[in-house]
Amino acid sequence: MTTLTPSEKALVPFVSVDNMMKLVHHIGIEPMLRGLAEYIEADFRRWELFDKTPRVASHSAEGVIELMPTSDGEVYGFKYVNGHPKNTADGLQTVTAFGLLANVGNGYPVLLSEMTVLTALRTAATSAMVAKYLAPKGADTMAMIGNGAQSEFQSMAMKAICGIKTVRLYDTDPAATAKAARNLSGLGLDVVACTSAEESMEGAQIITTCTADKQYATILTDNMVGAGVHINAIGGDCPGKTELAPAILHRADIFVEYPEQTRIEGEIQQLDADHPVTQMWEVINGTVKGRTSPEQITLFDSVGFAIEDFSALRYVRDNINGTDLFIDLDLLADPDDPRDLFGMVQRAAPA
Ligand code: NAD
């Protein structure tokens with residue numbers, strides 16, 4: 001057992017991938033997704049006090065590397081994340097990430113964590129937290145289009161938080177669908193493997209698109225989407241990378257995280273810059289309505305925002321306390337005399 005008390009050497013707790021996986025099993029995947037959703041929802045409620053900026057993106061022909069900072073005035077956080085759709089063909093993850101929390105008062109980091117697994121968890125928790133407000137009443141079936149790394153997390157969060165019972169899987173690569181079906185078996189969902197996007201959408205009130213392609217793709221065409229569904233669009237999250245036909249966007253009521261970032265990266269990059277969108281934090285606060293009729297098409301144009309990562313890191317910090325699921329990193333030079341950095345280096349000379 002270790003505690004997160006300040007140590008003499010200003011050591012920084014670090015959560016490795018191995019320890020993050022242990023934390024998932026220690027808490028349980030569904031309670032952890034629910035816990036993350038609660039933290040994210042709590043931070044959406046205090047949205048206005050956060051320091052917010054669209055993420056800082058460095059684009060290349062192959063993908064993007066991004067930094068996502070925010071602060072609530074007491075704690076600062078950032079995530080480093082990449083998105084490289086071609087990576088899976090080389091046996092690499094499309095998305096990898098790590099992140100940090102720091103004390104605003106003295107600038108010292110208080111947590112460093114892997115965030116590849118945590119991003120999948122927080123993205124899924126955010127999707128389900130939003131669907132709780134927007135999906136039609138009694139929704140029990142989700143189409144899951146794109147069966148890559150995020151897909152099982154998305155499915156489990158919709159089960160844990162929205163109570164869906166059936167997930168209908170589709171991917172252009174049948175091996176991805178087979179993998180997701182295998183991973184989800186025995187976890188309390190009815191899992192149906194489908195051979196087309198249309199088939200996956202039969203009877204689904206929630207449609208999740210979570211594909212990866214660095215282009216304006218059309219995963220859903222206008223005629224595929226009927227009235228009264230909630231679309232959870234996850235994969236369009238970069239300039240030039242979208243999943244939905246523009247006509248769907250004109251029929252849907254669109255809900256976003258942070259409009260300044262979503263207009264650059266989300267499905268709505270295909271629309272005029274003044275096309276009306278609703279911010280989710282206002283729905284959660286009750287100042288703006290979410291779903292207003294059973295026939296309405298609601299669309300969560302998710303791109304992933306820094307506050308969700310901040311919430312996820314807060315959750316990890318609170319939940320590793322008192323466990324041995326982290327190691328202390330000697331990350332900060334912290335001489336006894338703060339002005340004697342050079343002397344500290346000299347004293348470290350080999351005898
Ligand atoms: P992944 O590469 O592991 O999986 C993507 C899957 O999509 C693959 O199995 C691929 O075969 C499938 N696919 C590609 N084109 C398709 C099509 N036309 N129809 C059906 N399936 C298709 O990627 P991942 O880690 O699961 O991420 C999926 C997407 O989600 C990426 O675009 C990623 O950038 C995005 N993402 C968004 C957020 C967010 O917060 N919004 C967070 C994480 C990831």
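Only a predicted model underlies this, so the values are computations on that prediction, with no experimental measurement involved. Because only heavy atoms are used, hydrogens play no part in the values below, and waters and symmetry mates are left out as well, while side chains stay in. Both ligands and their constituent atoms are indexed starting at 1 by order of listing.
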What atoms in ligand 1 come closer than 4.0 Å to a heavy atom of [X]?
{"X": "Val303", "value": "39 (C), 40 (O), 41 (N)"}
{"X": "Arg122", "value": "40 (O)"}
{"X": "Gly235", "value": "29 (C), 30 (O), 32 (O), 35 (C)"}
{"X": "Ile219", "value": "17 (C), 18 (N)"}
{"X": "Lys241", "value": "31 (C), 32 (O), 33 (C), 34 (O)"}
{"X": "Thr94", "value": "1 (P), 2 (O), 23 (O)"}
{"X": "Ala176", "value": "9 (O)"}

What protein heavy atom sits nearest [atom], and how far off is it?
{"atom": "atom 41 (N) of ligand 1", "value": "Ser302 OG, 2.9 Å"}
{"atom": "atom 4 (O) of ligand 1", "value": "Gly148 CA, 3.2 Å"}
{"atom": "atom 13 (N) of ligand 1", "value": "Thr172 OG1, 3.6 Å"}
{"atom": "atom 3 (O) of ligand 1", "value": "Ala149 N, 2.9 Å"}
{"atom": "atom 42 (C) of ligand 1", "value": "Thr123 OG1, 3.3 Å"}

Report yes if some N/O of [X] lies less than 3.5 Å from some N/O of ligand 1; otherwise report no.
{"X": "Val95", "answer": "no"}
{"X": "Ser151", "answer": "no"}
{"X": "Asp237", "answer": "yes"}

Quick one: do [X] and [Y] make a salt bridge, cutoff under 4.0 Å?
{"X": "Asp324", "Y": "Lys22", "result": "no"}
{"X": "Asp213", "Y": "Lys241", "result": "no"}
{"X": "Asp171", "Y": "Lys179", "result": "no"}
{"X": "Glu66", "Y": "Lys79", "result": "no"}
{"X": "Glu265", "Y": "Arg55", "result": "yes"}
{"X": "Arg122", "Y": "Glu308", "result": "yes"}
{"X": "Glu38", "Y": "Arg34", "result": "no"}

Heavy-atom proximity to [atom], best of [options]:
{"atom": "atom 31 (C) of ligand 1", "options": "Thr88, Thr209, Thr211", "value": "Thr211"}
{"atom": "atom 44 (C) of ligand 1", "options": "Gln150, Gln93, His84, Gln154", "value": "Gln150"}
{"atom": "atom 5 (C) of ligand 1", "options": "Ala212, Ala89, Ala217", "value": "Ala212"}

*Would you mind telling me if ligand 1 is within reach of the side chain of Asp171, the backbone, both or neither, using heavy atoms under 4.0 Å?*
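Under 4.0 Å from ligand 1, Asp171 contributes backbone and side-chain atoms.
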*Consider ligand 1: state whether an atom of it lies below 4.0 angstrom from any non-hydrogen atom of Ile234.*
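Heavy atoms of Ile234 do come under 4.0 Å of ligand 1.
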*asked:* Looking at ligand 1, is there an atom of it that comes within less than 4.0 Å of some heavy atom belonging to Glu308?
replied: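 Judged by the 4.0 Å heavy-atom criterion, Glu308 does not count as contacting ligand 1.
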*More than 12 heavy atoms of other groups within 6.0 Å of Lys86 NZ*: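 For Lys86, atom NZ is crowded (more than 12 foreign heavy atoms under 6.0 Å).
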*Could you go through the ring-ring contact (aromatic ring centres under 6.0 Å, His included) check for Phe326 and Phe14 one step at a time?*
CA-CA 5 Å; Phe326 63 93; Phe14 167 62; over 10 Å; no
_Leu271-Phe300 co-clustered via ILVMFWY side chain contacts under 4.5 Å_ =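 The answer is no; the residues belong to distinct hydrophobic clusters.
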*How far apart are the closest heavy atoms of Leu36 and Leu118, and which atoms are they?*
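Nearest pair, atom of Leu36 first, then Leu118: CD2-CD1, 4.3 Å.
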*Step by step, would you call Phe50 with Phe310 a ring-ring contact (aromatic ring centres under 6.0 Å, His included)?*
CA-CA 10 Å; Phe50 279 92; Phe310 179 94; 5.2 Å; yes
_Against Leu299, only a single residue in Leu249, Val256, Asp253 fulfils side-chain contact (heavy atoms from CB on, under 4.5 Å); can you say which?_
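Of the listed residues Leu249, Val256, Asp253, the side-chain contact (heavy atoms from CB on, under 4.5 Å) partner of Leu299 is Leu249.
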